[in-house]
Amino acid sequence: MDTAVYAARRDRLRERLAAAGHEALLVSHAANRFYLSGFELHDPQCNETAGYLCVAANGRDALFTDARYRDAALRLWPAKDLCIYGAGRFASIADFLKDRGITRLGFEPTGLSFDTHARLAEHIALTPAAQAVEPLRLIKDAREIERMRCSAAVNHAVMDRLPEVLLPGRTEAQAAWEIEKLFRELGASELAFAPIVAVDANAALPHAIPGETVIRDECLVLVDVGGRRDDYCSDQTRTVWVGRKPPERFLRLLDQVRRAQAAVLAALRPGMAFREAYGLAREVFLREGVAERFTHSLGHGIGLETHEGPSLNPSSEGALTPGMVVTVEPGLYYPEWGGARWEHMALVTEDGCVTL
């Protein structure tokens with residue numbers, strides 16, 4: 001995206017910071033950092049950072065990273081606002097900020113480890129600033145929506161080819177690898193998350209790990225997969241029967257799940273409470289006498305991350321707004337023999353929703 005897009009996002013955050021009385025915010029969560037700067041969507045690993053972004057109320061924003069990322073940072077960021085730190089990174093960050101008139105720094109409580117906080121607090125005053133960036137990411141702009149359409153299109157193309165992947169004799173793990181290759185061949189830069197391919201009773205595990213269970217003729221298979229294209233994630237689930245003789249209990253199960261999803265998609269609209277959306281699916285299951293088998297939320301926001309706000313669950317606060325993209329994925333699970341889930345991504349519009 002154009003650097004002006006990132007600058008405009010930082011300006012919106014700056015208004016929020018000023019209203020909350022913060023001098024500046026140290027952005028450490030990778031997706032938030034990328035959303036505001038275009039710099040490094042991923043950290044190298046969970047205990048290692050690619051860097052930090054400081055968004056300042058006085059407009060003197062700064063980017064902090066180490067020498068590995070110097071050239072990548074300079075493609076996005078002016079040298080005068082870039083700090084390359086070494087072994088004494090926390091002192092370097094604090095000194096750089098103090099030279100720019102910043103003496104108290106907000107931080108993301110969910111994005112900064114206890115250890116990092118303790119080390120940085122030795123050099124500059126820190127104040128928690130929870131949920132400063134995430135509300136901005138809830139509403140996707142036109143550029144983001146187009147990228148998400150393209151990402152979803154790749155996922156649909158993968159799902160269309162499941163019949164050639166879910167072959168009797170293949171293990172879950174082998175099928176998952178074939179799906180991963182398809183995503184890359186069809187235009188994804190990477191997977192959005194590790195693929196789920198679950199046979200029969202394994203499908204009762206909502207986040208099953210593909211293993212050595214073999215797909216056989218006449219069996220249930222649940223596939224939950226997503227890819228990343230142009231930085232944005234997709235996430236879809238299908239449950240299918242491999243064979244020509246699906247039993248009545250499978251047909252009934254899949255019909256219940258798909259009717260619950262259809263009821264939600266027909267009613268989603270701006271102003272609907274997140275918990276109300278969940279309740280629409282649960283009401284279908286209550287009428288069928290199977291609500292106790294619906295064991296997770298209805299869905300979640302999706303964008304730069306597979307799971308982001310909002311959450312569509314019975315205790316979630318807030319309401320749908322045009323520009324939100326959420327998954328709608330009701331499911332029912334029977335540990336003795338299997339489960340089913342059916343998932344699409346939905347964009348909330350001015351008068352309802354459309355499936356991506």
Side-chain angles (χ1 to χ4, degrees), residues 5 9 12 35 134-160 192 224-239 254-288 290-291 294 296-332 340-356:
V5 173
R9 292 172 178 173
R12 290 166 57 206
Y35 178 79
E134 286 80 1
L136 301 177
R137 290 174 50 199
L138 286 175
I139 311 301
K140 275 58 179 181
D141 63 28
R143 298 178 189 85
E144 292 180 289
I145 290 168
E146 181 55 31
R147 289 185 174 206
M148 296 195 72
R149 287 188 193 278
C150 291
S151 188
V154 173
N155 209 328
H156 283 296
V158 170
M159 292 304 199
D160 288 344
D224 184 344
V225 291
R228 188 186 299 278
R229 178 170 175 173
D230 296 328
D231 303 321
Y232 284 80
C233 297
S234 65
D235 185 3
Q236 297 179 16
T237 307
R238 304 289 186 271
T239 308
L254 191 59
D255 177 66
Q256 290 167 337
V257 169
R258 295 194 66 175
R259 281 194 289 111
Q261 191 204 52
V264 174
L265 291 174
L268 278 187
R269 65 187 186 280
M272 175 178 284
F274 302 147
R275 61 180 64 180
E276 183 183 352
Y278 167 87
L280 291 171
R282 185 170 180 82
E283 182 60 33
V284 173
F285 294 147
L286 282 169
R287 290 197 299 269
E288 296 288 323
V290 295
F294 182 29
H296 53 68
S297 70
L298 172 66
H300 53 82
I302 183 169
L304 291 173
E305 297 176 290
T306 305
H307 285 187
E308 54 185 53
S311 177
L312 307 182
N313 68 58
S315 60
S316 187
E317 299 288 345
L320 296 169
T321 303
M324 288 182 176
V325 179
V326 297
T327 65
V328 179
E329 48 180 308
L332 297 171
R341 187 163 63 254
W342 202 264
E343 176 184 15
H344 287 85
M345 296 158 55
L347 167 67
V348 181
T349 63
E350 294 294 336
D351 57 1
C353 76
V354 294
T355 301
L356 297 183

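- Between Val290 and Leu332, the shortest heavy-atom distance links the atoms O-CD2, 3.6 Å.
- Taken to the nearest 0.5 Å, the CE atom of Met272 stands 9.0 Å off from the SG atom of Cys353.
- Considering all non-hydrogen atoms of both residues, Ala192 and Ser234 come closest at CB-O, 3.8 Å.
- Taking the side chain as every heavy atom from C-beta outward, Arg9 and Arg137 never approach each other to under 4.5 Å.
- The main-chain N or O of Arg275 is never found under 3.5 Å from a side-chain atom of Ser316 such that the two would form a donor-acceptor pair.
- Taking CD from Glu144 and CZ from Arg149, the interatomic distance works out to 13.5 Å, rounded to the nearest 0.5 Å.
- When all heavy atoms of Leu136 and Tyr35 are compared, the closest pair comes out as O-OH, 3.2 Å.
- In this structure, the side chains of Val225 and Asn155 come closer than 4.5 Å at one or more pairs of heavy atoms.
- Residues satisfying the side chain to side chain contact (heavy atoms under 4.5 Å, CB included) criterion with Pro322, sequence neighbours excluded, are Pro270, Glu350.
- Of the possible polar contacts, one joining the Gln261 side chain to the Val328 backbone as a donor-acceptor pair under 3.5 Å is found.
- Arg341 contributes atom CZ, which lies 4.5 Å from atom OG1 of Thr237 (distance to the nearest 0.5 angstrom).
- Between the CE atom of Met159 and the NE2 atom of His156 there is a distance of 9.0 Å, given to the nearest 0.5 Å.
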Verdict with reasoning, Leu356 to Val325, per side chain to side chain contact (heavy atoms under 4.5 Å, CB included)
CA-CA 9 Å; Leu356 297 183; Val325 179; 3.9 Å; yes

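- Closest of all the heavy-atom pairs between Leu254 and Trp342 is CD1-CE3, 3.8 Å.
- Remark: side-chain polar atoms of Arg147 are not paired, donor with acceptor, to backbone N or O of Tyr232 under 3.5 angstrom.
- Between His296 and Phe294, the two ring planes are perpendicular [angle over 60°; tilted spans 30° to 60°].
- In this structure, CE in Met345 is found 4.5 Å from CD1 in Ile302, a value given to the nearest 0.5 Å.
- The CD atom of Glu343 sits 3.5 Å away from the CG atom of Asp235 when rounded to the nearest 0.5 Å.
- Residues Ala291 and Leu286 share a closest heavy-atom pair of CB-CD2, 3.5 Å.
- Counting only heavy atoms from C-beta outward, the side chains of Leu298 and Val264 approach each other to under 4.5 Å.
- Taking all atoms of both residues into account, the shortest heavy-atom contact from Val326 to Leu320 is CG1-CD2, 4.4 Å.
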